[in-house]
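Here's the structure we're looking at; comments come further down.
Chain letters run A, B, ... following the sequence lines, proteins first and then strands; every chain starts at 1.
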Amino acid sequence: MSDSKDKDVLLEVKNLTVEVAGKRLLRGVDMIVKEGETHVVFGPNGSGKTTLVNVIMGLPDYKVVDGDILFRGDSILEWNLTERAKSGIGLAFQHPPVVEGVSLGVLLKTIIPDKKTSEEIAKNAHMEDYLEREVNVGFSGGERKKDELLQLLAQAPQLVMFDEPDSGVDVDSIKLMVDIMRKLLQKNTPIRERKNSGIIVTHSGVILEEIHADRGYVLVNGRLVCSGPPLDIFDQVKNHGFERCIKEAYESEKDG
Amino acid sequence: MKVKKMDENLKEEIAGLDRVGFDIKGETERSGSFLVADDKTTESESKEENLVVMPLSFAVEVYDWVNELRFSLVDREKDEYTKEVASRKELLGSFIYVKEGAKIEAPFQSCFFLHCQGFRQVLHNIIVLEPNSELNIITGCATGNLVSVSSHIAVTEMFVRKGAHLTYTMIHDWGSKAVVYPRAAIDVEHGGIFTSNYIALTQVKEIQSNPVAYLSDNASAKFNSIIYGRDGSFFDMGAMGILKGENASCEIVSRVASKNSKLILRAYIEGNGKNTRGHTECNGLLLDDRSSVTAIPELKANNIDTELSHEASIGKIAGEKLNYLMSRGLDEETARALLIRGFLEKGIEGLPESLKKKVDKLIEIAASSESL
């Protein structure tokens, strides 16, 4: 665990309850992420993992029916996507859309107008060959994931959320992905000076072998259960599946 | 030859015609120039031995066969505008003639400019490419700072002889005070290739045009259009391909965005010859509730061995894409502009390399001036 007792809270999710078209997807989620911490959210498909990061990012169509999201102490529920992104929240999408006719170079230049910097970032991510290509058009699954990280490098958010960053990525690319994720999360900076925080959503957890995380949770049916040290949780999931947590979630639903 | 002297004000306005591809300063390589401002031909020049450029009024005197070409492709009785062109006693317009086998590398530039308030510009242009010759024409049309409505009416007849290759690019920047009625027809002989690129990214009060290409054996035509209708514009644009000969082919591709504007895109292909092929495609992007885009494809097969197809799609900016860009910190206006730019730039793929950069820049300017 990192020595983050004295650190400021960056993100606080309080009793977050979310619906889409009348269907409840998150049920009273609580989560506190301090500066420099990385949290991991496991969970089976359809448990609400993507909903959680999308709602924090501010994507529309989600209805927050209860609870709050505080970023650096301010409620951000009324902030739109741009305001949240500009204040330092970033998301690597699980399924980013294709953007026809817009090259990655043009997009990066729009995110950071200084052309030199955007080219440098692409070079460091070994993606300079992609600058002329249209964003996500004809990209493989792995290329899309890399592209997401590249855009986040340009955006430089303080809270970096990754939605299934390693799914569909081949073994050779994993190392590069991990390098970029570590950079985004300032993993090479001493803990005391580390400011950036992360939320990694994953159903496999393989990435945890490469990126140290501070806290793990399992999200089941819209509830965060089984929180604890990430590797312990990962072991438990690996050995027993999500069954125990599902049971726990079921029990708490019955009680509450 | 410099035909007439210009006044200072006009000179200044002409210096700005680079926006429609007309370079008066001579910074870009050109094989020649032709410029008409209102009813004055102010430039008529060829830098190539095998490229003849002159006002049509001269050409009918110099070559006895030119007069026969007039209204041989466009019916003079077609409508009130062709009748008006036919009724004019004084000819205004260009004659561009490439001799047999000459491949003119640098683009030829022409420009039709409306300078005076309420002027009615009535033109007749004849373009002839003799067998196996090649020419790339960039025509820019624009207006000065008009405060009252002006008109541009033009009959253009193009003759692409056997094996010749004509690329005809038109960039329009008319403004809110111009009504525009071009009437064009192209005869493409055996093995000839005709490519039309039409780019209009700014306002026009009203434009209506529906050029027709007649295609002989092994001849082909391609019409590409990129249109951004804005702020009360009305575009009724089309293209027609008549596949007369064996193995003739025609493709009509449009990419249009409409903001508070009405756009009609027509495409007509008629397959008469054996083994003929035709395809039309229209992609429309609607930017607000005050806009409309109407795609009217029409295919007519008169031969069992003709293959014709069309596809069309009209939609709005996808919210998913807008959200994606906004999640990177772009405000909604910037994100929309980027998506409009991307949509229109997809149309550049079919353009010649020499033109891509120019049009790319024009699209960037047009899209960045987008406001919600």
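Using non-hydrogen atoms only and a strict 4.5 Å limit, the part of residues 143-169 of chain A facing chain B consists of A:D147, A:E148, A:Q151, A:L152, A:Q155.
Heavy atoms from other residues, nucleotides or ligands lying under 6.0 Å from NZ of B:K316 number 12 at most.
The part of B:T334 that comes within reach of chain A is its side chain, from C-beta onward, which places non-hydrogen atoms under 4.5 angstrom from that chain. Looking at A:E134, only its side chain comes within 4.5 Å of chain B, counting heavy atoms on both sides. Both the backbone and the side chain of B:Y324 come within contact range of chain A, with heavy atoms under 4.5 Å apart. Using a 4.5 Å cut-off between heavy atoms, A:N54 makes no contact with chain B at all.
Note that CD of B:Q203 is 9.0 Å distant from NZ of B:K259, once rounded to the nearest 0.5 Å. To the nearest 0.5 angstrom, B:N210 atom CG is 9.0 Å from B:F223 atom CZ.
Of the listed residues (B:E364, B:K321, B:E345), the one with the most heavy-atom contacts under 4.5 Å to chain A is B:K321. In terms of non-hydrogen atom pairs under 4.5 Å with chain B, the most contact-rich of A:N80, A:I89, A:V98 is A:V98. Contact count versus chain A (heavy atoms, under 4.5 Å) is highest, among B:I348, B:D331, B:L325, for B:D331.
The residue from A:V106, A:L104, A:L108 that alone fulfils the side chain to side chain contact (heavy atoms under 4.5 Å, CB included) condition with A:V135 is A:L104. Considering A:L91, A:L59, A:I76 as possible partners of A:R84, the one that fulfils the side chain to side chain contact (heavy atoms under 4.5 Å, CB included) test is A:I76.
A cation-pi arrangement, defined by a distance under 6.0 Å to the six-membered ring centre and an angle within 45 degrees of its axis, is present between B:R230 and B:Y228.
Residues B:H172 and B:Y198 place their aromatic rings such that the two centres sit under 6.0 Å apart.
For the residue pair B:K262/B:T294, the side-chain donor-acceptor check at 3.5 Å is not satisfied.
At a threshold of 4.5 Å between non-hydrogen side-chain atoms, the residues B:I227 and B:L263 count as touching.
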